[in-house]
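Below: one structure, written as structure tokens.
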Amino acid sequence: MTDKIQAIRGMHDILPQQTPRWQLVETVLRKLMATYGYAEIRLPIVERTELFRRSIGEVTDIVEKEMYTFDDRNGDSLTLRPEGTAGCVRACLEHGLLHNQVHRLWYVGPMFRHERPQKGRYRQFHQLGVEAYGMPGPDIDAELILLTRRIWRELGISEALELQLNSLGSLDERLAYRHHLVDYFGHYRERLDEDSRRRLETNPLRILDSKHPALHEIIEGAPVLKDFLGEQSNSHLQGLMEMLDAAGICFAVNPRLVRGLDYYSQTVFEWVSPRLGAQGTVCAGGRYDGLVEQLGGKPTHAIGFALGMERLITLLDEETEEASGRAHCYMICAGARAEREGALLAERLRDAIPHLKLIVNCGGGSFKSQFRRADKSNADYALILGDDEVSNQAVGIKSLRRDEDQVVVAQAELVSHLRTVLTL
RNA sequence: GUGGCUAUAGCUCAACUGGUUAGAGCGCUGGUUUGUGGUACCAGAGGUUGUGGGUUCGAGCCCCAUUAGCCACCCCA
């Protein structure tokens with residue numbers, strides 16, 4: 001017991017009871033990505049540390065204290081990816097996908113951040129990432145949001161999610177605003193809490209988001225980003241809102257919506273669920289027109305979002321019944337001869353009926369206990385193989401779910417019989 | 001990283017203010033029926049009470065440490 005090995009804190013096993021939900025979500029996502037013309041890209045889980053430092057931002061929490069970083073044997077500093085966009089841009093640059101081209105890409109997989117675990121927040125978690133390159137928007141901005149809405153619809157959780165929207169403006173506009181904000185909050189330095197004083201240096205826009213009650217009044221009087229947006233930024237946002245209106249999407253403009261990663265600009269959005277407690281953001285993203293250039297490419301329009309799979313699946317747990325992947329048949333083999341012949345018969349059935357889901361009893365047991373297992377397996381039919389059946393080259397077939405008579409079928413006719421009753 | 005709550009069988013939970021061999025339901029295995037599941041009945045297996053120390057005649061219960069989970073902050077998907 002003392003040397004019991006357990007999973008790393010914040011990294012969880014996804015057990016068989018949960019995997020059908022994951023598969024359902026993955027199937028829906030895969031299908032919808034294809035219908036919008038997005039192509040899958042598969043990326044390494046480890047990248048050079050430098051990539052994340054340069055893209056996410058040196059002073060962000062992620063880079064400062066949340067990355068799993070280690071030295072490779074040759075001395076390179078590597079990092080388990082804390083998010084997907086940086087690696088995606090790196091791959092596109094490396095393979096020349098961004099030379100005046102348009103790309104719609106997606107990926108799923110684990111991300112790693114060393115945070116204090118909590119519901120909806122894990123050290124290894126999974127994201128769907130969607131990225132679109134080469135399009136200035138706001139049409140593509142709207143497309144991504146429409147795509148996410150369709151995901152919620154398809155999964156039956158539309159009611160659980162609310163869309164928030166904001167514009168961070170261009171880099172210049174945001175920098176100008178940032179200066180004014182630092183100025184403003186600087187006057188109230190004494191009244192700021194410790195966190196906010198720190199953020200004054202690192203990410204002053206974050207102060208606007210503070211939940212500290214004493215700051216409410218100060219925040220109310222703070223300069224508003226919207227006033228710093230130029231005509232281009234304003235019309236971009238305006239255009240997006242018009243498209244969302246036309247598509248019947250409800251949203252709230254949240255002037256305090258600020259994304260945590262440095263590379264965002266212009267459109268940012270977030271789908272939030274009030275049911276998930278403090279970690280309510282299920283899906284969030286925005287435009288990052290400057291990042292490609294920042295990583296050594298030509299200036300390239302880009303926008304993307306990330307969707308937290310665990311959070312999405314938590315919502316699903318509350319909304320939907322479990323879809324169990326039940327077997328068609330459970331083969332009961334009583335006696336040594338039946339066990340030998342049963343295994344071979346099962347293989348012949350699998351050859352003949354590729355979609356057949358068939359469980360063969362292993363580990364012996366009385367007829368009674370084997371029937372119990374057959375029932376527990378949720379299979380529709382029990383295939384019964386005992387001494388009598390083996391001697392007669394036959395199989396007993398009993399429905400476990402419907403009130404049908406048990407029949408005995410010659411093994412030679414078993415395939416066609418099963419095809420008929422199972423409609424395969 | 002900060003603060004608070006929690007940890008007993010595979011799961012959900014009991015065990016009065018510290019007092020005999022830590023119980024129940026579900027699940028699992030076997031049986032009632034030596035070839036028939038689901039309902040019923042009977043029996044069995046399964047615990048160093050998260051881990052390590054301490055206090056005490058005696059600790060599941062009190063104290064300390066540690067690990068993990070939950071909640072909030074922070075952060076974010």
Side-chain angles (χ1 to χ4, degrees), chain A residues 1-12 15 17 56 60-66 82-85 108-130 148 193-196 198-199 202-203 206-207 209-213 257-261 270-273 276-285 304-315 330 332-335 338 361 363-379 381-390 396-403 406 408:
Chain A
M1 260 329 225
T2 42
D3 53 358
K4 182 169 69 178
I5 296 176
Q6 39 185 8
I8 305 302
R9 181 173 205 200
M11 303 198 181
H12 294 296
L15 299 178
Q17 204 181 8
I56 296 169
T60 56
D61 277 26
I62 292 179
V63 169
E64 276 186 338
K65 48 195 187 198
E66 295 177 1
E83 57 98 47
T85 300
V108 263
M111 307 292 167
F112 303 84
R113 292 182 199 170
H114 191 103
E115 298 181 273
R116 181 105 163 217
Q118 164 178 349
K119 197 183 203 80
R121 189 172 78 180
Y122 311 102
R123 290 186 174 180
Q124 174 175 334
F125 60 103
H126 297 78
Q127 283 186 340
L128 165 77
V130 177
T148 52
D193 60 317
E194 198 185 328
D195 279 327
S196 295
R198 180 174 50 80
R199 280 180 288 204
T202 58
N203 194 346
R206 271 275 161 210
I207 302 176
D209 229 358
S210 175
K211 289 167 190 165
H212 205 92
L257 177 62
V258 175
R259 310 269 54 255
L261 286 56
E270 205 168 282
W271 287 94
V272 183
S273 175
L276 295 177
Q279 313 299 330
T281 303
V282 174
C283 171
F305 68 80
L307 188 162
M309 299 285 280
E310 282 84 356
R311 292 179 187 179
L312 180 65
I313 283 165
T314 302
L315 280 182
Y330 189 102
I332 287 169
C333 307
N361 185 80
S366 63
F367 268 93
K368 181 176 199 65
S369 64
Q370 292 199 37
F371 264 100
R372 274 191 185 144
R373 289 176 207 159
D375 185 52
K376 290 244 151 62
S377 79
N378 270 325
Y381 287 92
L383 306 185
I384 304 153
L385 210 56
D387 290 339
D388 293 353
E389 287 82 359
V390 171
I397 299 177
K398 178 174 182 175
S399 170
L400 299 171
R401 309 293 149 211
R402 282 188 296 271
D403 192 16
Q406 184 171 329
V408 176

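In what follows, every chain begins at residue 1, and chains take the letters A, B, ... in the order their sequences are listed.
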For the P atoms, the ones on B:rC61 and on B:rG18, what distance do you get once it is rounded to whole angstrom? 11 Å
For A:Y122, report the nucleic acid contact type (base, sugar-phosphate, nothing); a contact means any heavy atom under 4.0 Å. base
Exercise. Reckon A:A284 touches a base, only the sugar-phosphate, or nothing at all at heavy-atom distances under 4.0 Å?
Worked result: sugar-phosphate
Using a cut-off of 4.0 Å on non-hydrogen atoms, how would the nucleic acid contact of A:L400 be classed: base, sugar-phosphate, or nothing? base
Would you classify A:S369 as touching base, sugar-phosphate or nothing, given that sugar-phosphate means primed atoms plus P, OP1 and OP2, and contacts are heavy atoms under 4.0 Å?
-> sugar-phosphate
Query raised in the report: Is any side-chain N or O of A:D375 under 3.5 Å from a base N or O of B:rG38, one able to act as donor and the other as acceptor?
Result: no
Regarding the side chain of A:R9, the nearest nucleotide among B:rC76, B:rG69, B:rC70 is B:rG69
For the side chain of A:R121 and the base of B:rC74, is some donor closer than 3.5 Å to an acceptor across the two?
yes
Here the distance between atom P of B:rU34 and atom CG of A:D387, to the nearest Å, is 15 Å
- [ ] Decide whether a cation-pi geometry holds between A:K376 and A:F371; the criteria are a distance under 6.0 Å from NZ or CZ to the six-membered ring centre and an angle within 45° of the ring axis.
- [x] no
A:M11 atom CE is separated from B:rA68 atom P, nearest whole Å, by 11 Å
Exercise. Scan A:Q370 against the nucleic acid and name what it touches under 4.0 Å (heavy atoms): base, sugar-phosphate only, or nothing.
Key: nothing
Looking only at B:rC70, B:rA77, B:rG30, the nucleotide nearest the A:Q127 side chain is B:rA77
Pairing partner of B:rG25, by Watson-Crick or G-U wobble and under 3.5 Å for both distances, is B:rC11
Exercise for the section: Assign A:Q279 to base, sugar-phosphate, or nothing according to its heavy-atom contacts below 4.0 angstrom with the strands shown. Expected result: base
B:rA40 -> Watson-Crick or G-U wobble partner, both distances under 3.5 Å, gives B:rU32
Heavy atoms of A:F367 and A:G386 approach each other most closely as CZ-CA, 4.2 Å
| field | Under 3.5 Å donor-acceptor pair, A:R116 side-chain atoms to B:rU2 base atoms | value | yes
### Query
Counting any heavy atom closer than 4.0 Å, what does A:H12 reach on the DNA or RNA strands: base, sugar-phosphate only, or nothing?
sugar-phosphate
A:K65 NZ to B:rC74 P, in whole Å, measures 12 Å
Separation between CZ (A:R123) and CZ (A:R113), nearest 0.5 Å, reads 13.5 Å
Can a donor-acceptor pair under 3.5 Å be found between the side-chain atoms of A:R311 and the base atoms of B:rC76?
-> yes
- Item | Inter-nucleotide P distance (B:rA43, B:rC57), Å rounded | 42 Å
Closest of B:rA77, B:rC73, B:rG69 to the A:Q118 side chain is B:rC73
Looking only at B:rG35, B:rG30, B:rA77, the nucleotide nearest the A:R372 side chain is B:rG30
Per atom distances to the A:K119 side chain, the nearest of B:rC70, B:rC74, B:rU36 is B:rC70
Using Watson-Crick geometry (N1-N3 plus N6-O4 or O6-N4) or G-U wobble (N1-O2, O6-N3), each under 3.5 Å, B:rC70 is paired with B:rG4
**Message:** Please classify the nucleic acid contact of A:L312 as base, sugar-phosphate, or nothing, using heavy-atom distances under 4.0 Å.
**Reply:** nothing
Report task. Would you indicate what A:R401 reaches in the nucleic acid, counting non-hydrogen atoms under 4.0 angstrom: base, sugar-phosphate, or nothing? Result -> base
Of A:P117 and A:M309, the one whose nearest nucleotide on RNA chain B sits closer to the 5' end is A:P117
Picking from B:rA72, B:rC71, B:rG35, the nucleotide nearest the side-chain atoms of A:A278 would be B:rA72
Taken to the nearest whole Å, CD/A:Q17 to P/B:rU12 is 11 Å
Measuring only the C1' atom in each nucleotide, how far is B:rU48 from B:rG60? A whole number of Å is fine.
12 Å
Does A:K368 make a side-chain donor-acceptor contact with the base of B:rG35, cut-off 3.5 Å? no
Of A:E270 and A:G364, the one whose nearest nucleotide on RNA chain B sits closer to the 5' end is A:G364
- B:rG35 base to A:Q406 side chain: any donor-acceptor pair below 3.5 Å? no
From CG of A:L257 across to P of B:rC76 the rounded distance in Å is 11 Å
Review point. Reckon A:G285 touches a base, only the sugar-phosphate, or nothing at all at heavy-atom distances under 4.0 Å?
Key: nothing
**Request:** Report which part of the nucleic acid A:K398 touches: base, sugar-phosphate, or nothing (heavy-atom distance under 4.0 Å, all strands).
**Result:** base
Under a 3.5 Å limit on both distances, the Watson-Crick or wobble mate of B:rG18 is none
Within the 4.0 Å heavy-atom criterion, would you say A:G10 contacts the bases, only the backbone, or no part of the nucleic acid? sugar-phosphate
Answer for the Watson-Crick or wobble partner of B:rU51, both distances under 3.5 Å, is B:rA65
Here the distance between atom C1' of B:rG38 and atom CZ of A:R402, to the nearest Å, is 15 Å
Margin query: Does A:R113 reach a base, just sugar-phosphate, or nothing at all? Heavy atoms under 4.0 Å.
Written below: base
Is the shortest distance from a Lys or Arg side-chain nitrogen in A:R401 or A:D375 to a carboxylate oxygen in the other one below 4.0 Å?
yes
In whole angstroms, the gap separating C1' of B:rG35 from CD1 of A:I397 amounts to 17 Å
Could you check whether A:E64 gets within reach of a base, just the sugar-phosphate, or nothing at all, counting any heavy atom under 4.0 Å? nothing
Taken to the nearest whole Å, CZ/A:R123 to C1'/B:rC74 is 14 Å
